[in-house]
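Throughout, a chain's letter reflects where its sequence line sits, starting with A, and its residues are numbered from 1. No hydrogens, no waters, no symmetry mates; every other heavy atom, side chains included, goes into these values.
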There are 2 protein chains.
Amino acid sequence: MTDFRANGSDTAQTAIGFLRTTSLSSLVQEEIVRMILSGELDAGAQVKEFAISDRLGVGRSSVREAFRALEEAGLVRLEKNRGVFVREIGDDEAEEMYAVRAGLDELAGRLLAPRITAAEIDELRRHVDELEAWLAPDAFATYFPLNLRFHDRIVEMTGNRKLLVVYRRLINEMHLLRRRGLLRGGGLLVSNDEHRSIVDALASRDADTAAAAMRDHVRSGRDRMLAAVDTATPRSAA
Amino acid sequence: MTDFRANGSDTAQTAIGFLRTTSLSSLVQEEIVRMILSGELDAGAQVKEFAISDRLGVGRSSVREAFRALEEAGLVRLEKNRGVFVREIGDDEAEEMYAVRAGLDELAGRLLAPRITAAEIDELRRHVDELEAWLAPDAFATYFPLNLRFHDRIVEMTGNRKLLVVYRRLINEMHLLRRRGLLRGGGLLVSNDEHRSIVDALASRDADTAAAAMRDHVRSGRDRMLAAVDTATPRSAA
DNA sequence: ACCGGCCGTATTGTTGACAATCGTCAATCA
DNA sequence: TGATTGACGATTGTCAACAATACGGCCGGT
C-alpha cells in the first residue's frame with residue numbers, strides 16, 4: 001500500500017471525478033440515447049418510465065429528468081398523461097434538417113480551410129482511404145459510423161466547440177428518420193470521390209472552395225434521399 | 001347555450017389544449033427562461049430549487065425537471081450536489097457563437113432569397129424603417145428586441161422550422177454573454193444601412209448576394225464585439 | 001349487431017420525506 | 001497565531017406513496 005499512487009491513483013481520480021460529476025439522471029439519459037441510436041428503441045415507439053427505472057434499478061424521478069433533457073435534445077416527444085415516444089422525423093422535416101446540416105458543413109469547411117494543418121490533412125486522407133475499403137454494398141454496418149466519424153472529425157478540427165455541439169445534436173436527431181434507409185441511402189451510398197474532393201478543397205486552404213465542396217456534398221446527399229423518397233412513395237396527388 | 005361555439009368555444013378550446021399539453025415542469029421552464037432573458041437572473045447567479053418551487057407553489061420535482069431541460073438548452077449549468085447556475089458565456093465562446101450564427105444567417109439568406117414574396121419584402125422594409133426611428137442612443141430598450149425580431153422574422157420566412165429552432169436556441173444562449181453590453185454593442189450599434197442592404201439583397205432574389213449580406217452583417221457585429229472586448233480588457237499579457 | 005356509458009387497470013403527474021453531500025464556523029491543538 | 005478537525009445548517013439527490021388521467025373491456029340498451 002506504500003506506492004498506491006503508482007497505479008491506484010488514476011482509477012481513484014477517475015472514480016472520484018465520476019461520482020462528483022455524474023448523476024443518475026445523466027447516466028439514464030446516456031443509456032436511453034444509446035438505446036435509441038443503436039436501434040434498440042425504434043422511432044415512434046413508446047418508452048415507459050417504469051420499464052426504464054426498473055431495468056436500470058433507479059427511481060422514476062431520475063428517468064423523468066432524463067426524459068425532459070431528451071425532449072429538449074429532440075430525441076423524444078412528451079405527451080402529457082400519455083407517455084414519451086421516440087420521435088419520428090418525417091420526410092419534410094428530414095429535408096429541412098439536410099438544409100441546416102448543409103449550412104453547418106459549409107461553415108465548417110469555411111472555418112477549417114484556412115487553419116488546417118498538414119497532419120490533419122494526412123489524417124483525413126487516411127480516413128478516406130479507409131472508407132474506400134468498406135465501400136462494399138454489404139458493409140454498411142462498418143461504413144456508416146466511419147462516414148459519420150469522418151464528417152464529425154472535420155467539424156471537430158475547426159476548433160469551434162459550439163459548432164461541434166450544434167452539429168452533433170443535429171446528427172443525433174437525424175438518426176430518427178422514419179425510414180433509416182433514407183439516412184443511409186442519402187448520406188452513405190455516396191461514391192468516395194466526393195470525400196476526396198472535400199479533402200482536396202480543404203488542402204487548398206481556400207475557404208470558399210472548401211465551403212462549396214462541403215455544401216455540395218450534403219446537397220447531393222439530400223438529393224439522393226429525395227430520390228429514395230420518391231421511389232418509395234409514388235405520391236398519389238399534388 | 002345554443003350558440004356556445006360563437007365565443008365560448010375558443011376559450012374552451014385553448015383551455016383544453018392548455019391542460020392537455022402543458023405540464024407544470026414546462027410552465028416552470030418557461031418562467032425560468034423569462035427570468036433569465038429579462039435579466040432578473042444574471043449570468044453566473046445560483047438558482048436554488050426551493051426558491052423557485054416555493055415562489056411558484058409547485059413541488060421540487062417539477063423544478064428539477066425544468067432544470068434538466070434548461071441545461072440541455074444551454075441556459076443553465078448543473079453542478080452535482082452544488083446547485084444550478086445561470087450559465088456564463090465567456091469571450092471565446094461568444095466568438096464561436098457569432099461564427100455559428102453567421103453560418104445560420106447566411107443559410108437563411110440563401111434559402112429565403114429565391115422564395116421571398118413582395119409582401120414579405122414590404123414587411124421587412126417597414127421593419128427597417130421602424131428600427132431607424134429608434135436609433136437614438138438611449139432607446140436601446142426598444143431597439144434591441146426590435147432588432148432581434150427583425151432577424152428572427154427573416155429566419156422564420158425561410159419556412160425551415162428546423163433552422164428556426166436551431167437559430168432561436170442559439171440566440172437565447174447569446175443573451176448569457178458575460179457582459180451584456182457586448183451583445184448590445186456587438187449586434188446593436190449597427191447603422192441601419194446594413195439592415196437595408198440585407199433587405200435589398202433579399203429583394204434581388206439572388207441567393208449568393210443575400211447569403212453574403214447576412215454573413216457580412218453578423219461578421220461586422222462580431223468585429224464590433226471584439227473591439228469592445230479589447231477596449232474593455234487591456235489584455236495584460238499574450 | 002351496434003352504440004354509449006361504466007368501471008378496472010395501467011401509466012403518468014405531483015408531492016413530500018429521507019439520505020447524502022457541501023460549505024461554514026467554531027473549537028482544538030501544535 | 002495558524003491550521004486542522006468536527007459538527008451544524010442548508011441544499012441537493014433519490015425514492016416511494018398518493019392523486020389524476022387515459023386506455024380497454026364489459027355491460028346494458030336499442
Without decimals, in angstroms, what is the distance between [X] [atom1] and [N] [atom2]?
X: B/Phe67; N: D/dT11; atom1: CZ; atom2: C1'; answer: 12 Å
X: B/Phe50; N: D/dG9; atom1: CZ; atom2: P; answer: 17 Å
X: A/Phe18; N: C/dT21; atom1: CZ; atom2: P; answer: 14 Å
X: A/Lys48; N: C/dT9; atom1: NZ; atom2: C1'; answer: 13 Å
X: B/Asp54; N: C/dT15; atom1: CG; atom2: C1'; answer: 14 Å
X: B/Lys80; N: D/dG13; atom1: NZ; atom2: P; answer: 8 Å
X: A/Leu78; N: C/dT12; atom1: CG; atom2: P; answer: 10 Å
X: A/Glu49; N: D/dA17; atom1: CD; atom2: P; answer: 16 Å

To the side chain of [X], which of [options] is closest?
X: B/Val58; options: D/dG13, C/dT15, D/dA22; value: C/dT15
X: A/Ser62; options: D/dA22, D/dA17, D/dC15; value: D/dC15
X: A/Asn81; options: D/dT21, C/dT14, C/dC22; value: D/dT21

[X] with [Y]: basic N within carboxylate O range, under 4.0 Å:
X: A/Arg168; Y: A/Asp152; result: yes
X: B/Arg149; Y: B/Glu156; result: yes
X: A/Glu106; Y: A/Arg110; result: yes
X: B/Glu40; Y: B/Arg34; result: yes

* D/dG13 phosphate, OP1 or OP2, under 4.0 Å from B/Arg64 side-chain N/O ->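 True: B/Arg64 side-chain N/O within range (under 4.0 Å) of D/dG13 OP1/OP2.
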May I ask you to verify if any side-chain N or O of B/Arg82 is less than 4.0 angstrom from the OP1 or OP2 atom of C/dG23?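 Yes, because at least one side-chain N or O of B/Arg82 sits under 4.0 Å from OP1 or OP2 of C/dG23.
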* Asked: In terms of the nearest nucleotide of DNA chain D, which residue is placed more toward the 5' end: A/Leu24 or A/Arg60?
  ->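 Whichever sits nearer the 5' end wins; that is A/Leu24.
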ask   = Does the salt bridge (Lys or Arg N to Asp or Glu O under 4.0 Å) test come out yes or no for A/Glu96 and B/Lys162, once each step is laid out?
value = CA-CA 6 Å; A/Glu96 294 181 3; B/Lys162 195 70 205 172; over 6 Å; no
| Touch class at under 4.0 angstrom, heavy-atom based, for A/Ser61 against every strand present |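 Touches a base.
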